[in-house]
Amino acid sequence: MTPTYHGSCLCGEVNFEVHAEPILVTCCHCKNCKKYTGTVFTTNVVFPADTVNVTKGAPLVRTFHDSAQDSGNALLRRFCGLCSAPLYNSNAAGPDAERTLAVFYSALDDFPGAPADVPVRPGETAVPRVEYYGKDRAAWVRPVDGAEQVSSKYLLNLGGVVE
């Protein structure tokens, strides 16, 4: 049975569901993700594209077209128009367009993030497996144990799905 994960924004006026198994959990230390969220890195749960459904507040969901990616992959960054909380990203064009969806980890209300031994897929856990833009990591942030360290965003083939 396909799992359903529920998410929301900070003010609670936007709710959404994701109807899919997660592909993987990632961290991104790129400058754009840091500026977009005001944090030192983002943590995302990657799902197949077209698996998100806004169940409340769809007219409030705004999109910022972030074309200033050094990877060349423009992102569609979706957020709440009232509280500005980031919700999810997708690729705007190129080989990754409409293949995956990156939901902000903390936008998910019931994702199994703690404890770390909660399985995401058989034999896996809900901790990041890949860290993008490690070259831009804040000096005081340590790499995630066991996560692949990548200096930029690249095509990552995971079970036939390219992120």
Side-chain angles (χ1 to χ4, degrees), residues 5 7-10 14 16 18 20-52 61-80 83-109 111-121 123-163:
Y5 298 102
S8 61
C9 66
L10 179 63
V14 174
F16 64 93
V18 182
E21 293 280 351
I23 297 169
L24 82 157
V25 178
T26 67
C27 289
C28 186
H29 301 274
C30 81
K31 293 173 185 171
N32 288 31
C33 281
K34 291 192 270 191
K35 286 202 175 271
Y36 180 64
T37 61
T39 61
V40 295
F41 63 90
T42 62
T43 307
N44 302 293
V45 183
V46 180
F47 293 96
D50 298 326
T51 58
V52 68
V61 176
R62 303 286 187 260
T63 302
F64 173 69
H65 188 274
D66 185 356
S67 60
Q69 300 288 314
D70 72 354
S71 67
N73 284 339
L75 292 179
L76 299 176
R77 296 184 180 271
R78 291 175 181 93
F79 61 97
C80 173
C83 66
S84 300
L87 302 170
Y88 50 91
N89 297 331
S90 60
N91 290 300
D96 294 340
E98 301 187 27
R99 290 189 183 188
T100 60
L101 171 78
V103 178
F104 285 91
Y105 196 100
S106 294
L108 291 167
D109 299 326
F111 188 71
D117 61 350
V118 175
V120 173
R121 296 164 107 186
E124 296 180 6
T125 58
V127 296
R129 287 183 28 212
V130 176
E131 286 190 85
Y132 296 113
Y133 290 92
K135 64 185 176 67
D136 296 327
R137 177 187 290 111
W140 54 269
V141 175
R142 296 189 351 213
V144 175
D145 289 340
E148 181 180 352
Q149 302 298 311
V150 182
S151 63
S152 65
K153 179 87 168 155
Y154 75 110
L155 298 177
L156 180 65
N157 191 342
L158 296 164
V161 177
V162 179
E163 182 195 2

Practice task
Measure the OG-CZ distance between Ser90 and Arg99 for me, rounded to the nearest 0.5 Å.
Solution key: 14.0 Å
Problem - Closest contact, heavy atoms only, Pro86 versus Ala107 - result: O-CB, 3.9 Å
Exercise for the section: Could you tell me how the ring of Phe111 sits relative to the ring of Phe47: parallel (under 30°), tilted (30 to 60°) or perpendicular (over 60°)? Expected result: perpendicular
Problem - Distance, nearest 0.5 Å, that separates CG of Leu75 from OG1 of Thr63 - result: 12.0 Å
Handout entry: Parallel, tilted or perpendicular: ring planes of Phe79 versus Tyr36, cut at 30 and 60 degrees
Key = perpendicular
Exercise for the section: Would you indicate whether the side-chain heavy atoms of Ser106 and Thr43 approach each other to under 4.5 Å? Expected result: no
Practice task
Write down the atom of Lys135, the atom of Ser151, and the distance for their closest heavy-atom approach.
Solution key: CE-O, 2.9 Å
Handout entry: salt bridge (Lys or Arg N to Asp or Glu O under 4.0 Å) partners of Arg78, counting only residues at least two apart
Key = none
Handout entry: His29 and its ring pair (Phe, Tyr, Trp, His ring centres under 6.0 Å) partner, picked from Tyr133, Phe41, Tyr132
Key = Phe41
Exercise for the section: Please tell me if the side chains of Phe16 and Val103 come closer than 4.5 Å, counting only heavy atoms from C-beta onward. Expected result: yes
Practice task
Rounded to the nearest 0.5 Å, what's the gap from CZ on Phe64 to CG on Asn89? Could you check?
Solution key: 11.0 Å
Practice task
Specify the closest pair of heavy atoms between Pro128 and Cys27, including all atoms of both residues, with the distance to one decimal.
Solution key: CG-SG, 3.4 Å
Problem - Heavy-atom check, side chain of Arg129 versus side chain of Thr26, under 4.5 Å - result: no
Problem - Nearest non-hydrogen partners of Ile23 and Pro48, listed with the distance - result: CD1-N, 3.6 Å
Practice task
Find out whether Val18 and Tyr88 are in side-chain contact, i.e. whether some heavy atom of one side chain is under 4.5 Å from a heavy atom of the other.
Solution key: no
Exercise for the section: For Asp136, enumerate each residue passing the salt bridge (Lys or Arg N to Asp or Glu O under 4.0 Å) test, keeping only those at least two apart in sequence or located in another chain. Expected result: none
